[in-house]
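All chains are named by letter (A, B, ...) in the order of the sequence lines, taking the proteins before the strands, and each is independently numbered beginning at 1. Values in this document were obtained by computation on a predicted structure and should not be read as measured data.
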2 protein chains.
Amino acid sequence: MKPTNQGETNVEYQPFEIKEKLKKIFEYHSDQPIETCPIRDVLSSSSDKWSILIILFLGGYDVLRFGELKKRIHGISAKVLTERLRTLERDGYIIREVFPEVPVRVEYKLSNFGIRYLDKLILISEWIKDEMNLVIQSRLEYEKKTK
Amino acid sequence: MKPTNQGETNVEYQPFEIKEKLKKIFEYHSDQPIETCPIRDVLSSSSDKWSILIILFLGGYDVLRFGELKKRIHGISAKVLTERLRTLERDGYIIREVFPEVPVRVEYKLSNFGIRYLDKLILISEWIKDEMNLVIQSRLEYEKKTK
DNA sequence: CAGAATCCCTTGAGATACTG
DNA sequence: CAGTATCTCAAGGGATTCTG
């Protein structure tokens with residue numbers, strides 16, 4: 001039973017600048033902080049695991065068909081893939097183009113807005129890949145500590 | 001020079017550089033692409049709506065108690081808040097400190113790793129706030145188009 | 001081929017009551 | 001105060017089958 005270790009408290013507190021940015025994002029001063037929260041209203045419907053993978057894969061291939069996406073995103077079902085693609089299309093991240101051939105061909109690609117989202121996702125993905133060992137180690141320590 | 005668009009969309013295709021970054025992130029060449037996917041293994045457990053809000057609020061206040069967090073994150077239940085805090089602590093984003101007073105006081109703050117995550121979340125939040133009108137407009141157009 | 005439809009099980013998440 | 005323990009209902013998501 002040990003409370004949190006003071007040895008790891010070399011925590012650098014967030015600079016004032018960061019707090020100012022957060023205030024701007026959430027508009028603390030505003031009188032409708034809940035209704036216009038950009039995180040809930042917009043980001044939450046495109047930041048789930050599957051949507052992120054879809055955006056990243058479309059970023060890597062320019063254009064992909066439904067079946068190609070399904071094959072590359074291992075484990076996703078047709079139903080979920082359809083749902084996520086619809087939402088991403090509705091919100092303007094991706095463009096869906098139907099070619100009326102037989103059998104029909106449907107292609108998906110990122111919009112310019114989607115590419116700007118891709119840029120942010122790449123930043124965060126590169127970072128998490130660099131630092132994921134920290135997370136894995138933290139999980140092991142946590143397991144030992146709470147055993 | 002970018003390849004030019006064809007048809008109605010002025011989509012700029014992703015530069016080669018971006019594809020190289022994506023290859024690195026997913027390690028296309030590797031023989032275990034699923035098992036070590038950083039998005040699924042690490043990012044997916046800290047990128048849900050509630051976790052993001054928790055990180056952002058801790059970023060704005062340095063230190064917050066359980067009740068203060070619950071009050072600020074409108075709509076979250078004690079159960080979900082507890083679950084998300086446990087996961088974020090397990091993965092090393094936040095530090096939980098118990099003060100054995102009566103009644104007990106528990107404080108949460110970001111670790112240095114959590115602050116680095118906060119930096120990325122701020123980038124993406126600022127961006128989505130700037131561009132969220134695009135999403136809202138896209139939704140309206142989509143609704144008209146599919147009605 | 002690209003989905004739509006159905007079934008069905010698991011998980012998420014709110015509400016409430018209780019406790020160290 | 002900071003949770004935990006239940007209960008409950010809604011939503012997520014997998015598997016399968018069907019269709020333009």
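Along DNA chain C, the nucleotide nearest A/Pro103 and the nucleotide nearest B/Val80 are compared for position; the residue whose nucleotide lies closer to the 5' end is A/Pro103. Residue order along DNA chain D, read from the 5' end via each residue's closest nucleotide, puts B/Arg65 first among A/Ala78 and B/Arg65.
Nucleic acid contact for B/Arg84: none, since no nucleic acid atom lies under 4.0 Å from a heavy atom of the residue. If you check every strand for non-hydrogen atoms under 4.0 Å, A/Arg86 touches sugar and phosphate atoms only. Heavy atoms of A/Tyr108 sit under 4.0 angstrom from primed sugar atoms or phosphate atoms, though from no base atom.
Between B/Arg139 and A/Asp91 a salt bridge is recorded (basic side-chain N to carboxylate O distance below 4.0 Å). A salt bridge links A/Lys19 with B/Asp62: the closest approach of a Lys/Arg side-chain nitrogen to an acidic carboxylate oxygen falls below 4.0 angstrom. Looking at B/Glu141 and B/Lys145, no side-chain N of the basic residue comes within less than 4.0 Å of a carboxylate O on the acidic one, giving no salt bridge.
Cation-pi contact between A/Arg105 and A/Phe66: absent, since separation from the ring centre below 6.0 Å together with deviation from the ring axis within 45° is not met.
One atom, CG of B/Leu81, and another, P of C/dG14, lie 11 Å apart when rounded to the nearest Å. Going from atom CH2 of A/Trp50 over to atom P of D/dG13 covers 8 Å, rounded to whole Å. For the pair B/Lys79 NZ and D/dA2 C1', the computed distance is 17 Å after rounding to whole Å. As rounded to whole Å, 8 Å separates atom P of D/dG14 from atom CD1 of A/Ile76. One interatomic measurement links the two molecules: CD of B/Glu83 to C1' of C/dA15, which rounds to 14 Å at whole-angstrom precision. Taking atom CG on B/Asp48 and atom P on C/dG12, their separation rounds to 10 Å, with Å as the unit. Following rounding to the nearest Å, A/Leu69 (CG) and C/dA2 (C1') show an atom-to-atom distance of 12 Å. Between B/Lys70 atom NZ and D/dT4 atom P the separation is 14 Å, expressed in whole Å.
When distances are taken from the side chain of B/Thr82 to each of D/dG3, D/dC1, C/dC1, the shortest belongs to D/dG3.
Between B/Arg96 and D/dG3, a side-chain N or O to OP1/OP2 separation shorter than 4.0 Å is present.
Follow the hydrophobic side-chain contacts under 4.5 Å out from A/Trp50 and you reach A/Leu81 in the same cluster.
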